[in-house]
Amino acid sequence: MGIDIGLLILRLLLGFFLVSHGLQKVSFLLGGEGLDGGSREFARDGFRGGKLSALAAGGGQIAAGILFALGALTPIAAVTAIGVMIVALTVKLPNGLWVQHDGVEYPLVLITISVSLGLSGPGLYSIDALFGIDALPIWIGVLTSGVGVVGGFFARTILHRPLPQQNQES
């Protein structure tokens with residue numbers, strides 16, 4: 001029972017942070033700058049697609065967060081969260097590890113928790129358990145983790161464009 005309560009707490013916390021982070025990309029809630037602000041953020045990071053990229057990332061985070069919090073369709077929540085956060089990790093990688101330097105610490109923690117929940121399942125206190133799909137074979141967790149990572153790198157590859165080099169003539 002203690003493990004199930006721990007998984008519930010972990011799911012609720014991860015769900016809260018994913019939903020909050022997604023809302024900031026697409027709305028004015030929680031300090032967000034609306035969809036236009038989210039679009040500008042993606043453009044600054046070198047992504048094409050503008051509003052569509054912001055909607056995909058924000059919507060993916062919101063959907064994954066809600067699914068994790070409810071313990072519903074946990075493999076889908078995991079693959080979605082991992083994919084979106086892999087893209088964030090690739091953007092922040094040049095800044096190093098620590099979040100105070102806009103590094104990969106935060107996306108790495110969210111990816112790790114998502115992988116862990118994808119492997120362990122949501123626990124007893126979940127919608128998945130209610131429908132008897134909470135104890136999936138380990139290969140499902142491994143597969144969803146792999147698909148999330150590959151999907152994230154694929155999205156980064158097709159949506160990112162190198163920023164033009166500034167002419168440094170003196």
Side-chain angles (χ1 to χ4, degrees), residues 4-35 37-39 41-42 45 47 49 51-93 99 104-131 133-160:
D4 293 308
I5 292 172
L7 289 171
L8 173 64
I9 292 168
L10 198 58
R11 285 192 353 256
L12 291 172
L13 183 69
L14 178 62
F16 170 77
F17 282 119
L18 285 170
V19 168
S20 299
H21 204 236
L23 285 172
Q24 290 172 336
K25 288 196 176 11
V26 299
S27 74
F28 292 99
L29 298 172
L30 306 170
E33 298 179 11
L35 188 54
S39 179
E41 176 187 348
F42 277 88
D45 289 336
F47 285 87
K51 289 183 181 177
L52 185 58
S53 291
L55 275 172
Q61 289 173 321
I62 293 166
I66 291 169
L67 291 174
F68 271 132
L70 296 172
L73 304 173
T74 302
I76 293 171
V79 75
T80 304
I82 293 165
V84 171
M85 296 316 297
I86 284 288
V87 173
L89 184 138
T90 65
V91 168
K92 296 176 179 301
L93 195 57
V99 73
V104 299
E105 178 183 3
Y106 182 67
L108 190 58
V109 167
L110 295 182
I111 291 166
T112 303
I113 295 171
S114 298
V115 167
S116 298
L117 287 170
L119 291 169
S120 69
L124 181 63
Y125 306 112
S126 66
I127 290 176
D128 285 353
L130 185 66
F131 289 101
I133 57 171
D134 58 317
L136 297 173
I138 191 73
W139 68 266
I140 299 282
V142 172
L143 180 65
T144 58
S145 297
V147 169
V149 169
V150 170
F153 281 114
F154 180 73
R156 166 67 189 237
T157 301
I158 63 168
L159 293 176
H160 193 261

Completion exercise
Closest non-hydrogen atoms of L35 and A54, given as atom of the first, atom of the second and distance, are CD1-CB, 3.9 Å
Exercise for the section: Mark yes or no for whether T144, through its side chain, and I140, through its backbone, hold a donor-acceptor pair below 3.5 Å. Expected result: yes
Problem - Distance (rounded to the nearest 0.5 Å) between S116 OG and L7 CG - result: 9.5 Å
Problem - Atom of Y125, atom of L8 and distance for their closest heavy-atom approach - result: O-CD1, 3.9 Å
Exercise for the section: Could you tell me whether the side chain of R11 and the main chain of P122 form a donor-acceptor pair under 3.5 Å? Expected result: yes
Problem - Interatomic distance, L117 atom CG to L67 atom CG [nearest 0.5 angstrom] - result: 12.5 Å
Fill in the blank from the handout: Correct closest heavy-atom pair for L73 and D128 would be N-OD1, 2.6 Å
Problem - Of all pairs that satisfy ring-ring contact (aromatic ring centres under 6.0 Å, His included), the ones with a partner from residues 60-86, not counting sequence neighbours - result: none
Exercise for the section: Give the C-alpha distance, both sets of side-chain angles, the deciding distance and a yes or no for side-chain contact (heavy atoms from CB on, under 4.5 Å) between V87 and F47. Expected result: CA-CA 10 Å; V87 173; F47 285 87; 3.6 Å; yes
Practice task
Hey, could you give me the CD/CD1 distance between Q24 and I62, rounded to the nearest 0.5 Å?
Solution key: 10.0 Å
Handout entry: Nearest heavy atoms of G58 and V26, plus distance in Å
Key = CA-CG1, 4.1 Å
Handout entry: From D45 atom CG to K92 atom NZ, the distance as rounded to the nearest 0.5 Å
Key = 7.0 Å
Handout entry: Minimum-distance pair of heavy atoms, taken over all atoms of T90 and F153
Key = CG2-CE2, 3.5 Å
Handout entry: Which atom of A57 lies closest to which atom of K25, heavy atoms considered
Key = CB-CD, 4.1 Å
Completion exercise
So CG of L124 and CG of D134: to nearest 0.5 Å the spacing works out to 7.0 Å
Exercise for the section: Rounded to the nearest 0.5 Å, what's the gap from CG on L18 to CG on L13? Could you check? Expected result: 9.5 Å
Problem - L12/F16 under side-chain contact (heavy atoms from CB on, under 4.5 Å): CA gap, chis, key distance, verdict - result: CA-CA 6 Å; L12 291 172; F16 170 77; over 6 Å; no
